[in-house]
Amino acid sequence: MLRFRNTLTGELEPFIPLEEGRVRIYACGPTVWNFAHIGNFKTFVFYDVLRRYLRFRGFEVTEVMNVTDVDDRIIEQTIELKLSLEELTTKYLNYFLEDMATLNIEQPEVMPKATEHIPEMVALVETLLANGKAYEADGSIYFKISAFDGYGRLSGKKLEGNEAGRSGRVDTQEYAKADTSDFVLWKAPKLEGERSWDTAIGTGRPGWHLECSAMSMKYLGETFDIHAGGEDLIFPHHENEIAQSEGATGKPFARYWLHSKFLNIENQKMSKRFGNFKTPRDLLSQGIEPMAIRYLLLSAPYRTQLNFTADGLDAAASSLDRLRNFVRRIRNAHVTSNGESPASAVAKRMLEGIPGRDGRRPEHVGRACGGVQPRERREPDDRCEVDHRGGPGCDPVGDRSG
RNA sequence: GGCGGCGUAGCCAAGUGGCAAGGCGGAGGUCUGCAAAACCUCUAUUCAUCGGUUCGAAUCCGAUCGCCGCCUCCA
């Protein structure tokens with residue numbers, strides 16, 4: 001039985017999809033205002049391993065990953081660079097897709113853009129206005145948290161304990177909200193030249209969380225299986241998604257919430273804001289091969305924080321070389337005494353190892369494909385045993401040559 | 001101030017009650033004209049600290065110290 005650590009409950013829960021044999025996943029995707037850095041890709045590689053592993057386990061996977069192509073940073077950039085929204089976001093979306101391919105990340109089944117789902121978002125806001133969970137103020141529309149029971153369930157936050165603006169990251173005086181904890185659904189334009197849409201709920205653009213609710217429900221249904229994202233999104237993003245989605249439908253939103261921990265560098269999270277980030281392109285230009293980056297990002301389980309270092313990257317590259325050597329040796333090896341080919345003997349052991357394994361620590365999906373090692377010294381007569389954590393369907397390091 | 005996570009060898013890291021996986025690095029060796037590569041062997045009596053529970057604890061409980069993350073548009 002596959003189990004996941006569900007942020008919603010904090011428990012390790014057996015995974016039972018809504019529909020047998022099929023998994024519906026919504027994964028929070030990139031905001032295409034600039035290059036994505038390898039911290040971002042830690043999460044995207046996690047999604048990739050998750051979908052590959054689920055498929056390996058026999059599930060049909062439908063993954064929706066949004067492309068946020070309108071938000072504050074994008075708007076600021078378009079004004080600064082005198083580009084249209086489409087020019088800027090198309091450019092960086094293309095770079096992102098290239099980077100995904102470089103790191104051998106499979107493309108999700110659906111990659112919807114926020115700007116192409118304005119009508120769906122407007123409809124959602126209209127529902128919330130109609131049932132009293134949203135209100136208008138100064139041309140913007142806000143979600144009324146006091147009208148939604150269960151706010152804070154995902155993040156475990158109690159509003160009393162929180163201090164508005166404590167993170168120092170946001171301007172809490174920016175909006176005319178009735179309650180500081182309310183969040184914006186629809187934003188009236190503020191800047192000169194800011195992109196906006198004329199709609200039935202007014203002129204403006206969607207708030208951060210709205211696209212994820214509208215698009216996940218459109219492509220996956222009002223209730224779906226897995227919602228994944230970086231740990232930073234637990235609050236407020238995912239908390240607010242739940243509020244506005246369940247506030248509108250009255251039905252449970254996502255059933256399993258999976259959050260990946262951050263990539264740190266010099267013991268601080270990698271972030272554009274801190275200027276301490278590296279992009280895959282930066283590393284490639286230093287002669288680092290793409291699969292070494294992927295290997296490094298998978299060297300800790302997805303729920304474990306990973307510290308990025310040059311040594312770590314070197315170690316990943318060395319490990320990868322050794323792994324490839326191992327594969328080459330299997331291919332060149334002779335058949336075993338019972339007539340089985342070495343490659344199939346290895347595959348069989350991997351298959352046998354996995355079911356017993358995930359029954360215990362299934363949430364280690366990020367790690368599931370991390371460790372294929374020869375164990376020749378333990379069993380000299382059978383030189384092809386492989387650590388059970390690898391899996392053939394898993395393609396451990398996503399290396400096509402392997 | 002509130003909430004959450006983590007602390008295992010020089011470095012990265014697995015392990016959630018029954019003698020401490022693995023990788024990198026390092027040391028020694030085999031092969032090789034030399035070198036490199038490859039391959040082989042070795043590399044934690046001990047799991048931040050202190051108490052407790054137990055026949056048995058890295059694993060469970062309590063306290064302490066240290067680090068990290070979130071606290072309203074960050075993957």
Side-chain angles (χ1 to χ4, degrees), chain A residues 7 10 12 27-31 36-47 68 70-75 143 145 152 155-172 174-175 177 179-184 187 205-211 228-237 239-240 259-264 267-274 277 295-296 299-309 311-323 325-326 328-329 360-361 364 367 370-378 380 383 387-389:
Chain A
T7 308
L12 201 54
C28 277
T31 301
H37 58 68
I38 55 172
N40 302 128
F41 279 107
K42 178 174 188 281
T43 298
F44 300 135
V45 167
F46 152 55
Y47 298 162
T68 300
V70 54
D71 92 321
D72 286 356
R73 291 168 300 179
I74 290 173
I75 302 246
F143 186 90
I145 284 178
S155 59
K157 291 194 184 300
K158 299 178 192 71
L159 294 171
E160 312 85 64
N162 281 341
E163 293 178 20
R166 179 76 181 203
S167 70
R169 198 170 54 83
V170 292
D171 177 6
T172 52
E174 195 179 359
Y175 295 106
K177 296 184 281 192
D179 188 309
T180 51
S181 56
D182 290 345
F183 62 91
V184 68
K187 306 175 75 162
R205 60 185 174 90
W208 180 23
H209 323 295
L210 195 56
E211 64 178 83
E231 57 168 332
D232 57 318
L233 301 183
I234 296 170
F235 189 89
H237 185 50
E239 194 71 72
N240 291 350
H259 291 100
S260 62
K261 291 275 191 201
F262 271 135
L263 180 68
N264 279 196
N267 269 329
Q268 185 183 46
K269 78 171 184 177
M270 185 174 286
S271 163
K272 286 271 167 58
R273 188 162 63 98
F274 297 142
F277 64 95
Y295 193 96
L296 177 70
S299 63
Y302 80 94
R303 292 199 307 112
T304 298
Q305 204 171 64
L306 179 67
N307 197 38
F308 174 86
T309 61
D311 283 352
L313 193 55
D314 288 345
S318 297
S319 298
L320 189 59
D321 275 347
R322 211 175 153 87
L323 196 60
N325 251 301
F326 172 60
R328 196 182 317 125
R329 282 195 297 138
R360 297 181 57 209
R361 306 254 77 198
H364 286 183
R367 188 206 58 196
V372 177
Q373 291 94 20
R375 284 205 171 163
E376 300 174 39
R377 90 173 86 141
R378 298 256 172 109
R383 300 165 77 83
D387 186 309
H388 50 236
R389 279 176 288 163

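Fair warning: this is a prediction, and the values are worked out from it, not measured in the lab.
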- Query: Are K187(A) and D71(A) close enough for a salt bridge, meaning some N to O gap below 4.0 Å?
  - Reply: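 Judged by the 4.0 Å cut-off on N to carboxylate O distance, K187(A) and D71(A) do not form a salt bridge.
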Over all strands shown, is [X] touching base, sugar-phosphate only, or nothing at heavy-atom distances under 4.0 angstrom?
X       : value
I234(A) : nothing
H37(A)  : base
Q268(A) : sugar-phosphate
D311(A) : nothing
S181(A) : base
G39(A)  : base
R73(A)  : sugar-phosphate
T68(A)  : nothing

- Task: Can you check each nucleotide of nucleotides 1-8 of chain B against protein heavy atoms at under 4.0 Å and return B for base, S for sugar-phosphate only, - for none, in 5' to 3' order?
- Result: BBS-S---
- Partner set under side chain to side chain donor-acceptor pair (under 3.5 Å) for N307(A), not counting sequence neighbours: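 With sequence neighbours excluded, N307(A) shows a side chain to side chain donor-acceptor pair (under 3.5 Å) to no residue whatsoever.
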- Query: Is the backbone of R273(A) close enough, under 3.5 Å, to the side chain of S271(A) for a donor and an acceptor to pair up by distance?
  - Reply: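 Yes: the side chain of S271(A) pairs with the backbone of R273(A).
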- Step by step, work out the side-chain hydrogen bond (donor to acceptor under 3.5 Å, both in side chains) result for E231(A) and S260(A). CA-CA 5 Å; E231(A) 57 168 332; S260(A) 62; over 6 Å; no
- Message: Would you measure the distance from the P atom in U54(B) across to the matching atom in C24(B) and give it in whole Å?
- Response: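 The same atom, P, in both gives a distance of 43 Å.
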- Message: Both N307(A) and G207(A) contact RNA chain B. Taking the nearest nucleotide for each, which residue is further toward the 5' end?
- Response: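 Per heavy-atom nearest nucleotide, the more 5' residue is N307(A).
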- Closest-nucleotide ordering on RNA chain B, the 5'-leading residue of A316(A) and V70(A):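 Mapping each residue to its closest nucleotide by heavy atoms, the 5'-most match is A316(A).
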- Task: Please determine, for the side chain of P301(A), which listed nucleotide (C71(B), A75(B), A13(B)) has the closest atom?
- Result: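 Closest nucleotide to the P301(A) side chain: A13(B).
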- Message: What's the closest nucleotide to the side chain of P236(A) if the choices are U72(B), A13(B), A75(B)?
- Response: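 When the side chain of P236(A) is considered, U72(B) is the closest of U72(B), A13(B), A75(B).
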- Under the ring pair (Phe, Tyr, Trp, His ring centres under 6.0 Å) rule, collect the residues that match up with F41(A), sequence neighbours excluded.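 For F41(A), the residues satisfying ring pair (Phe, Tyr, Trp, His ring centres under 6.0 Å) (neighbours in sequence not counted) are F44(A), F96(A).
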- Item | Residues in ring pair (Phe, Tyr, Trp, His ring centres under 6.0 Å) contact with F143(A), at least two apart in sequence or another chain |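 Partners of F143(A) by the ring pair (Phe, Tyr, Trp, His ring centres under 6.0 Å) criterion, ordered by chain and then number, come out as F183(A).
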- Message: If a pair means Watson-Crick or G-U wobble with both distances below 3.5 Å, what does RNA chain B look like in dot-bracket form, with | marking bases paired to a different strand?
- Response: ((((((((.[[[..)..(...]]]((((((.......))))))....[[[[[..)....]]]]])))))))....
- Message: Tell me whether the side-chain N/O atoms of S319(A) come closer than 4.0 Å to OP1 or OP2 in G22(B).
- Response: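 So the side chain of S319(A) is outside the cut-off, no N or O lying under 4.0 Å from OP1 or OP2 of G22(B).
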- Using distance alone, with no hydrogens and no angle criterion, decide if D311(A) and T309(A) have a side-chain donor and acceptor under 3.5 Å apart.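 No, no side-chain donor-acceptor contact under 3.5 Å.
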- Item | For T304(A), side chain to side chain contact (heavy atoms under 4.5 Å, CB included) partners two or more places apart |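 T304(A) satisfies side chain to side chain contact (heavy atoms under 4.5 Å, CB included) with A300(A), P301(A) only.
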